[in-house]
Each structure stands twice: as C-alpha cells, then as structure tokens.
> 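Okay, handing you the structure first.
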Amino acid sequence: MSLLLTRRRAAAAVLTAALLVPLAACGNDDSGTAKDKDKGTAGDSGTASGAPQADLTVLAASSLTDVFKEAGAAYEKANPGTKVTFSFAGSQELAAQVKQGAPADALVTADTKTMDGLSGDTGKPTVIAKNRLVIATGEGNPEKVENLKDLADPKLKVVLAAPEVPVGRYSQQILDAQKIEVKPVSQEPNVRAVLSKVELGEADAGLVYKTDAATATDKVDAIEIPDAENAIASYPAATLKASKHSEAAAAFVAWLSTPEAQKILQGAGFQQP
C-alpha cells in the first residue's frame, strides 16, 4: 500500500506541474501585454505620441521668442512628460554658446550662414520657416517714413542690428542693393533690441522682421518693403551633437516641420519654408 500511495503522489505532482506550465505562459503574456499598454506613459522612456521623454533645452533666435513659447506649449501637451526650455538670443550669440559647449539639445537660427558655420556641432539642419523685413516706426509713423530711401535722412534717428547679427546683415544687404547709406544711431545685438528702441521712442525707425513688428502693433507701425527690395530670412533647425537627449531632440526638430507646428508659425506671420 505504501508503494501504491507513493506512485499516486508522484503522478499527481507530474499532473500539477503540467497544468502550471500553460498558466505560467499565460501569466507572461499578460505581463507583456500590460507592458506594451503602458509604453509611452509617465515613467517610461516614450510619450503617447512615440517621442522619447526628456527635458530639452533649445537655443533659438530672438525673433522666435513669442511663437516658440506657443509652439513649446503645444509640443509639451502632445508629449506628456517632455519639457522644452528655450534660450533666446541673437544667432551669433547662440553660435558662441554652442562653441563654448553650453548644455543644449537643439538650435534654431535666423539664417543659414550661422548654422552652416556650426556644421561640426550639429546634425543636418532643416529650414522650418522664412521671414521678411519691414521698417518699424513709432505708432502713427510721426516722421512719415514711406520707404528705404527715407532712412538716409540725417535728421532721422535710425537704429539697426549689428552687422554680425542675421537681421543686421539682411538690413545692410537691402540697403546696399538700393545704394542707400544709413548712419544708425546705434547697432543692437538682436532684432528685439532694435524693436525696443523704436517702441520706447529712442529711435524714429529701425529695420526688423515682419513677425517682430507684429508683436507690438500697439506701439509701432510697420512699413512694408517691396519684395524686389527685400531679403528673405531662412530659419534652419538642427539637433546638437553634444545633446544628452539626441532622440528626443531629433523628435522635436522633426515636429517643427509638421502641419501642427507650421500652423503656429504661419499664424505668427512666418512664411512657409
């Protein structure tokens, strides 16, 4: 009887083990499914849209200040768990920061020349928007500025961006093309500084991007410059090779060319790339 009992117990153990194998397999499948379902939620490496989560720092041209704040908020909403922090300055200042090893993940400049000079530090750039120049004057245009030639009037206080700044180069380019000599009362480090001088009444006129003038319609007037006399500013965006979040940075740069981002940019007055 003892031997028979032992054999029965052994058989029962074998049967139990056989039944547990498929149950264990089902448990693994359930675990895998749950893991797949959780992919892209907070605590994982991805977001609901598939972009990796990260705290990104983006160096961007001053003329993108207002529109990028809106774009950054839209990107964060679409990618929970990701935070985008912008550092705005003149493109030449941004280039210097990159060369000095400032911790950042992506770069957007207001000209291709500055970006091309950083080819060893960036990924392949993509132009995400374009812009044009206008003459900014005080509200109501008290000095009755009508065109570029009027800026040569020695009685007029004109302010321009410094020649090493993209908008400064564009300004000099269009003035030279029309053989107009302007002696500015100051040369500013970025386009927002030019606009500020006009807003505060410290200058009668200045050359700025159309989109910048549009941010201060209650303080300045924008005098259009004909296309034949104007310059087109291109805004390239690229990842930085020193980024610690290369995949997330690439996802953000790619997003800037999507219909959602383009709608925001064009809503602020930027042109299609």
> Can you pull out every salt bridge (Lys or Arg N to Asp or Glu O under 4.0 Å) where at least one residue sits in residues 65-89? Sequence neighbours excluded, please.
D66-R192

> Show the atom names and distances, to 0.1 Å, of all donor-acceptor pairs under 3.5 Å that link a side chain in residues 230-243 to residues at least two apart or in another chain.
from	atom 1	to	atom 2	distance (Å)
N230	OD1	L133	N	3.3
N230	ND2	L133	O	3.0
N230	ND2	I225	O	3.3
Y235	OH	S63	OG	2.8
Y235	OH	N131	ND2	3.2
S243	OG	D105	OD1	2.6
S243	OG	H245	N	2.9

> Apply side chain to side chain contact (heavy atoms under 4.5 Å, CB included) to the pair K149 and I180, showing each step before the final yes or no.
CA-CA 6 Å; K149 291 181 180 179; I180 299 171; 3.9 Å; yes

> Under 3.5 Å, is there a donor-acceptor pair between the side chain of S196 and the main chain of A193?
no

> Within this structure, what is the CD1-CZ distance for the pair I174 and R132, rounded to the nearest 0.5 Å?
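Reported to 0.5 Å precision, the distance equals 11.0 Å.
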
> Can a salt bridge be assigned to the pair K155 and D204 using a cut-off of 4.0 Å between side-chain N and carboxylate O?
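No salt bridge links K155 with D204.
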
> Among residues at least two apart in sequence or on other chains, which ones pass ring pair (Phe, Tyr, Trp, His ring centres under 6.0 Å) with F88?
F86

> Begin with the C-alpha distance, continue with both residues' side-chain angles, and end with the deciding distance and a verdict on side chain to side chain contact (heavy atoms under 4.5 Å, CB included) for L56 and T85.
CA-CA 6 Å; L56 296 175; T85 300; over 6 Å; no

> I'd like to know if the side chain of D176 and the backbone of K179 have a donor-acceptor N/O pair within less than 3.5 Å.
no

> Taking salt bridge (Lys or Arg N to Asp or Glu O under 4.0 Å) as the definition, give me every residue that meets it alongside D221, ordered by chain and number, with sequence neighbours left out.
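Here no residue qualifies.
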
> Does E139 have any side-chain hydrogen bond (donor to acceptor under 3.5 Å, both in side chains) partners at least two apart in sequence or in another chain, and if so, which?
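With neighbours one apart ignored, the set is empty.
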
> Return the minimal non-hydrogen interatomic distance between L94 and V108, and the atom names on each side.
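Looks like CD1-O, 3.9 Å.
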
> Over all heavy atoms of both residues, which pair between V67 and A268 is shortest? Give the atoms and the distance, please.
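It is CG2-CB, 3.7 Å.
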
> Would you find more than 12 non-hydrogen atoms of other residues, nucleotides or ligands less than 6.0 Å from E247 atom CD?
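Result for CD/E247: open.
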
> Which heavy atom in G206 sits nearest to a heavy atom in V194, and how many Å separate them?
CA-CG1, 4.1 Å

> Please examine the side chains of V167 and L207, heavy atoms only from C-beta on, and report whether any two atoms are closer than 4.5 Å.
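Side-chain contact under 4.5 Å: no.
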
> Starting at CD of E164, measure out to NZ of K113 and round the result to the nearest 0.5 Å.
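Going from the CD atom of E164 to the NZ atom of K113 covers 10.5 Å.
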
> Kindly give the heavy-atom pair with the smallest separation between I264 and A74, and that separation in Å.
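Scanning both residues completely, I find the closest heavy atoms to be CD1-CB, 3.8 Å.
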
> Using the rule given for side chain to side chain contact (heavy atoms under 4.5 Å, CB included), can you reason through E229 versus L148, listing the C-alpha separation, both sets of side-chain angles and the distance that settles it, and then say yes or no?
CA-CA 9 Å; E229 300 175 8; L148 288 173; 3.8 Å; yes

> Which pair of non-hydrogen atoms, one from S62 and one from V191, has the smallest distance, and what is that distance?
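Nearest heavy atoms, S62 then V191: CB-CG1, 4.4 Å.
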
> For atom CD of Q266, is the number of surrounding heavy atoms from other residues, nucleotides or ligands below 6.0 Å larger than 12?
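Yes, CD of Q266 has more than 12 neighbouring heavy atoms, counting only those of other groups under 6.0 Å.
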
> Check whether any side-chain N or O of Q262 sits under 3.5 Å from a backbone N or O of I128 as a donor-acceptor pair, and report yes or no.
yes

> Please lay out, stage by stage, how Y209 and Y170 fare under the test side chain to side chain contact (heavy atoms under 4.5 Å, CB included).
CA-CA 10 Å; Y209 294 120; Y170 294 132; 3.5 Å; yes

> When you measure from the side chain of E260 to the backbone N and O of A71, does any donor-acceptor pair fall under 3.5 Å?
no

> Which distance, rounded to the nearest 0.5 Å, do you find between the OG1 of T211 and the CD of Q271?
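Spacing of OG1 (T211) from CD (Q271) equals 9.5 Å.
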
> At their closest point, which heavy atom of E199 faces which heavy atom of A216, and how far apart are they?
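For E199 and A216, the tightest heavy-atom pair comes out as OE2-CB, 3.2 Å.
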
> Taking D212 for its side chain and V208 for its backbone only, find out whether a donor-acceptor pair lies under 3.5 Å.
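The answer is no, because no donor-acceptor pair under 3.5 Å joins these two groups.
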
> Any donor and acceptor pair, going by atom type alone, linking the side chain of N79 with main-chain N or O of Y75 inside 3.5 Å?
yes

> Sequence neighbours left out, what passes side chain to side chain contact (heavy atoms under 4.5 Å, CB included) with S186? Give chain and number order.
V159, E188, K197

> Roughly how far, to the nearest 0.5 Å, is the CD atom of E93 from the OG atom of S87?
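The CD atom of E93 is 9.0 Å from OG of S87, to the nearest 0.5 Å.
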
> State the CG-NZ distance between D121 and K99, to the nearest 0.5 angstrom.
4.5 Å

